[in-house]
Number of protein chains: 2
Amino acid sequence: MCDALSDEDLTALSQAAQRMTISAGRVFIEEGDPANYFYNITQGMVRVFKALPDGRRHITGFMGTGQFLGLAISGHCAFSAEAMEEVHLCRFSRSTLNQVFSDFPALERRLLNIAAHELTIAHEQMLLLARKSAVERVSSYLLNQVMRLDACAADKLPSTAITLRLPISRADLADYLGLTIETVSRSFAQLKRNGLIEFSNAHAVTLMSPQKLEMIANAKG
Amino acid sequence: MCDALSDEDLTALSQAAQRMTISAGRVFIEEGDPANYFYNITQGMVRVFKALPDGRRHITGFMGTGQFLGLAISGHCAFSAEAMEEVHLCRFSRSTLNQVFSDFPALERRLLNIAAHELTIAHEQMLLLARKSAVERVSSYLLNQVMRLDACAADKLPSTAITLRLPISRADLADYLGLTIETVSRSFAQLKRNGLIEFSNAHAVTLMSPQKLEMIANAKG
DNA sequence: AAAGGAATTTGACTTAAATCAACGCCTTCC
DNA sequence: GGAAGGCGTTGATTTAAGTCAAATTCCTTT
C-alpha cells in the first residue's frame with residue numbers, strides 16, 4: 001500500500017519499460033541533468049541525495065524495491081541517485097509515462113498519493129533538520145525504522161524491546177540526519193548510557209523501550 | 001503556471017467549494033486533526049508549520065493567493081496552517097474532490113505536477129537545513145525571493161542591483177530557515193558589512209549583486 | 001591466524017549558532 | 001508630545017555540534 005503499485009498496474013508499466021541493472025556505487029541520476037526518465041526499483045537499495053559544490057551533501061532518502069524515482073522532476077533532475085548495491089530497475093521515458101497514464105488513470109491517482117505521502121515525510125524531516133537535537137534526530141530515525149518494520153500497520157508502537165538492523169553506514173546516516181559521523185556515534189552512545197538502546201554490533205540495535213524513545217524523538221514529557 | 005489551476009478548472013472546483021474567510025492569526029488547520037478538507041487560497045497569506053510539544057517550530061512554507069493547501073494529507077493533517085492576515089479561501093471535502101477529479105482528469109494531472117514541484121522545493125530546503133550555514137541560508141532565501149519576483153521566467157539572475165520587499169517578520173524567517181531571530185539579524189548584518197545588500201528599512205533590502213549572492217547561497221567559488 | 005584496512009568509537013579542542021540581556025527604533029495610542 | 005510595547009539589532013556568554021586526531025573494532029584477505 002505504501003509505495004508499490006498494484007501488480008496489474010506494474011504489468012502495464014513494465015510493457016513500456018526498459019529493464020536495467022546498475023552496479024553498486026554508480027550514480028545513475030545526476031542532479032541538473034535533463035530529466036527524461038522515470039524509474040521503478042525492482043531490486044536493491046538506492047541513495048537519493050543533493051550536494052553542494054564544496055562536497056557537503058544531504059541524503060534526501062533511501063529508496064528500495066518497489067519504490068519510484070524521478071517524481072520530483074521538471075525539465076532537470078532535482079537530485080542525484082546512487083546505487084548502494086547492485087540495483088535492478090525499470091526505466092521509462094516521460095512521454096511513454098504520459099501514455100500509460102491515459103490508459104491507466106488509477107496509476108496517476110496512485111502517484112498523486114505517493115507524492116503526497118513523500119511530501120508528508122519531507123515535512124517531518126524538515127522539522128527534524130530545522131529544530132531537533134542530535135539525540136532527538138537519531139531517536140527519530142530509529143523510531144521510523146521500527147514503524148517501517150511493523151509495516152504501514154497500526155500506528156501503535158511495540159511496548160516491548162525490539163531489535164533492529166541498521167543496514168546503513170554511519171556516514172550515510174549522518175548525511176541523512178544533517179549531522180557528522182562522530183555526532184551520530186556519540187548520540188548512539190548517549191542513548192546506550194541512558195539504557196534506551198543496546199548494540200550487539202554496530203549494525204544491530206535493540207530498542208529497550210520504543211515508547212520512551214518516542215518521547216525523546218518528539219520532545220514529549 | 002507555477003501554482004494556480006486554469007480558470008476553467010477553478011470554476012469547476014468552486015462549484016463544489018465552500019467559501020470562507022479566516023481572520024488574521026487564526027490557526028485553521030491543526031496538525032493531527034482528521035483531514036477532511038482541501039483548500040485553495042483566494043486571497044491572503046498563510047503560514048504552514050509543524051511544531052514540537054515544547055514549542056519549537058518549523059515553518060514549512062508560506063502560501064499565498066492561488067495556492068493549494070491540504071495536499072499532503074492522509075487521514076490526519078500533517079501540518080498546521082495559520083492565517084498571517086485576513087484570508088479568503090475555498091474549502092471542499094475530500095469526497096467532493098474525488099468527484100471533481102473524475103470530471104476533470106486534467107485537474108489531477110495538474111495536482112501531481114504541483115506536488116512534484118513542492119517536493120523539489122522541499123528537497124532543496126532540506127539541503128539548506130541540513131548543510132548550509134546561517135549566512136548561506138539567508139542568502140538562499142533572498143535569492144529565492146528574487147526568482148519568485150522574476151516569476152517562473154528564465155532561470156537567469158538579474159546582473160544589476162534589485163530591491164526586494166521582505167514582508168515576513170524576522171521571527172517567521174528564523175522559523176523558516178531553522179535559525180534564531182538573532183542569527184538571522186546577524187547574517188543580514190554580515191551581508192551588509194560585505195557590501196552584498198543594503199537596507200532602506202528592516203523590510204526592504206537591495207541586493208547589490210544577485211550573482212555574488214548566489215555564489216554565497218550555493219557555495220560556488 | 002595474522003595483517004591490513006575500513007568503519008566506528010572515543011577524546012581533546014574549536015567554533016558557529018543559541019541563549020541571555022540590553023538597547024534602539026518605530027508605531028500607536030492616550 | 002510622551003509613554004508603552006512590539007520588533008529588530010547588537011553585545012557578552014554559553015553550549016551543542018563540528019573538527020582534528022587517536023584508538024578500537026570489525027571485516028577481509030592473504
Side-chain angles (χ1 to χ4, degrees), chain A residues 24-25 47 52 54-59 84-85 128-142 164-194 197-205 216-217 219, chain B residues 24-25 47 52 54-59 84-85 128-142 164-194 197-205 216-217 219:
Chain A
R47 210 181 347 251
L52 292 170
D54 63 5
R56 278 176 284 173
R57 105 186 158 150
H58 174 61
I59 295 182
M84 297 171 75
E85 53 193 332
L128 178 148
L129 294 169
R131 293 301 183 206
K132 289 189 183 177
S133 73
V135 168
E136 289 165 349
R137 292 182 201 201
V138 169
S139 302
S140 298
Y141 174 78
L142 291 175
L164 213 59
R165 267 180 45 68
L166 299 178
I168 280 158
S169 77
R170 297 292 190 267
D172 279 352
L173 205 43
D175 278 349
Y176 179 60
L177 297 176
L179 300 170
T180 59
I181 297 174
E182 294 92 329
T183 300
V184 169
S185 187
R186 278 188 258 264
S187 300
F188 276 135
Q190 181 176 332
L191 288 172
K192 196 167 85 183
R193 266 198 309 280
N194 296 349
I197 61 175
E198 276 178 19
F199 281 97
S200 341
N201 64 63
H203 291 280
V205 224
I216 294 175
Chain B
R47 206 179 354 249
L52 292 170
D54 63 4
R56 278 176 284 174
R57 105 185 158 150
H58 174 61
I59 296 183
M84 298 170 75
E85 54 192 331
L128 178 147
L129 294 169
R131 294 300 183 205
K132 289 190 184 178
S133 72
V135 168
E136 288 165 350
R137 292 181 202 201
V138 169
S139 302
S140 298
Y141 174 77
L142 291 175
L164 214 57
R165 266 181 43 71
L166 299 179
I168 280 158
S169 76
R170 296 293 190 265
D172 279 351
L173 205 42
D175 278 350
Y176 179 61
L177 297 177
L179 300 169
T180 58
I181 298 174
E182 294 92 329
T183 300
V184 169
S185 187
R186 277 187 257 266
S187 299
F188 276 135
Q190 182 176 331
L191 288 172
K192 196 168 85 182
R193 264 198 310 281
N194 296 347
I197 62 176
E198 275 178 21
F199 281 97
S200 342
N201 65 64
H203 291 280
V205 224
I216 293 174

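Letters A, B, ... mirror the listed sequences (proteins, then strands); counts begin at 1.
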Engineer: In terms of the nearest nucleotide of DNA chain C, which residue is placed more toward the 5' end: R131(A) or I181(A)?
Structural biologist: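 Nearest-nucleotide comparison on DNA chain C picks I181(A).
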
Engineer: Does any non-hydrogen side-chain atom of K132(B) lie less than 4.5 Å from one of L52(A)?
Structural biologist: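 Yes, close enough: below the 4.5 Å cut-off.
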
Engineer: Quick one: is dA17(C) close enough that its OP1 or OP2 comes under 4.0 Å of any side-chain N or O from R186(B)?
Structural biologist: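 So the side chain of R186(B) is outside the cut-off, no N or O lying under 4.0 Å from OP1 or OP2 of dA17(C).
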
Engineer: Given atom CZ of F188(A) and atom C1' of dT25(D), what is their separation to the nearest angstrom?
Structural biologist: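 Checked: the CZ to C1' distance equals 16 Å.
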
Engineer: Rounding to an integer number of Å, can you tell me how far K192(B) NZ sits from dT9(D) P?
Structural biologist: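 Atom-to-atom, K192(B) to dT9(D), this comes out as 8 Å.
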
Engineer: In this structure, how many angstroms lie between the C1' atom of dT8(C) and the CG atom of L166(A), rounded?
Structural biologist: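 Value for this atom pair: 13 Å.
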
Engineer: Whole angstrom is fine here: how far is it from CD in E136(B) over to P in dA16(C)?
Structural biologist: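 For the pair E136(B) CD and dA16(C) P, the rounded distance is 12 Å.
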
Engineer: Round to the nearest Å and state the distance from K132(A) atom NZ to dA16(D) atom C1'.
Structural biologist: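 Going from NZ in K132(A) over to C1' in dA16(D) covers 17 Å.
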
Engineer: Quick one: R170(A) CZ to dC27(D) P, roughly how many Å, whole number?
Structural biologist: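 Those two atoms, CZ and P, are 12 Å apart.
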
Engineer: I want to check one thing: is the phosphate of dG18(D), taken as OP1 and OP2, less than 4.0 Å away from some side-chain N or O of T180(A)?
Structural biologist: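 So the side-chain polar atoms of T180(A) do come within 4.0 Å of the phosphate oxygens OP1 or OP2 of dG18(D), strictly under.
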
Engineer: Less than 4.5 Å apart, side chain to side chain, heavy atoms only: is that true for F188(A) and L173(A)?
Structural biologist: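 Yes, close enough: below the 4.5 Å cut-off.
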
Engineer: For DNA chain D, whose closest nucleotide is more 5', that of N201(A) or that of E182(A)?
Structural biologist: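 Nearest nucleotide further toward 5': that of E182(A).
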
Engineer: Do L191(A) and I216(A) have side chains that approach each other closer than 4.5 Å (heavy atoms only, starting at C-beta)?
Structural biologist: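 Yes. Closest side-chain heavy atoms under 4.5 Å.
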
Engineer: Without decimals, in angstroms, what is the distance between L129(A) CG and dA17(D) C1'?
Structural biologist: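 The answer, rounded to whole Å, is 14 Å.
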
Engineer: For dA17(C), does either OP1 or OP2 sit under 4.0 Å from a side-chain N or O belonging to T183(B)?
Structural biologist: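 No, no such contact exists.
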
Engineer: State, yes or no, whether a side-chain contact exists between Q190(A) and V138(A) at a heavy-atom distance under 4.5 Å.
Structural biologist: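 Heavy-atom side-chain distance check fails, nothing below 4.5 Å.
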
Engineer: Taking atom C1' of dT8(C) as reference, at what distance in whole Å does atom NE2 of H203(A) sit?
Structural biologist: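 Those two atoms, NE2 and C1', are 8 Å apart.
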
Engineer: Would you mind telling me which residue lines up with the more 5' stretch of DNA chain D, G178(A) or S200(A), judged by nearest nucleotide?
Structural biologist: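 The answer here is G178(A).
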
Engineer: Below 4.5 Å, heavy atoms only, C-beta onward: do L128(A) and Y176(A) meet side chain to side chain?
Structural biologist: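 No, side chains not in contact.
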
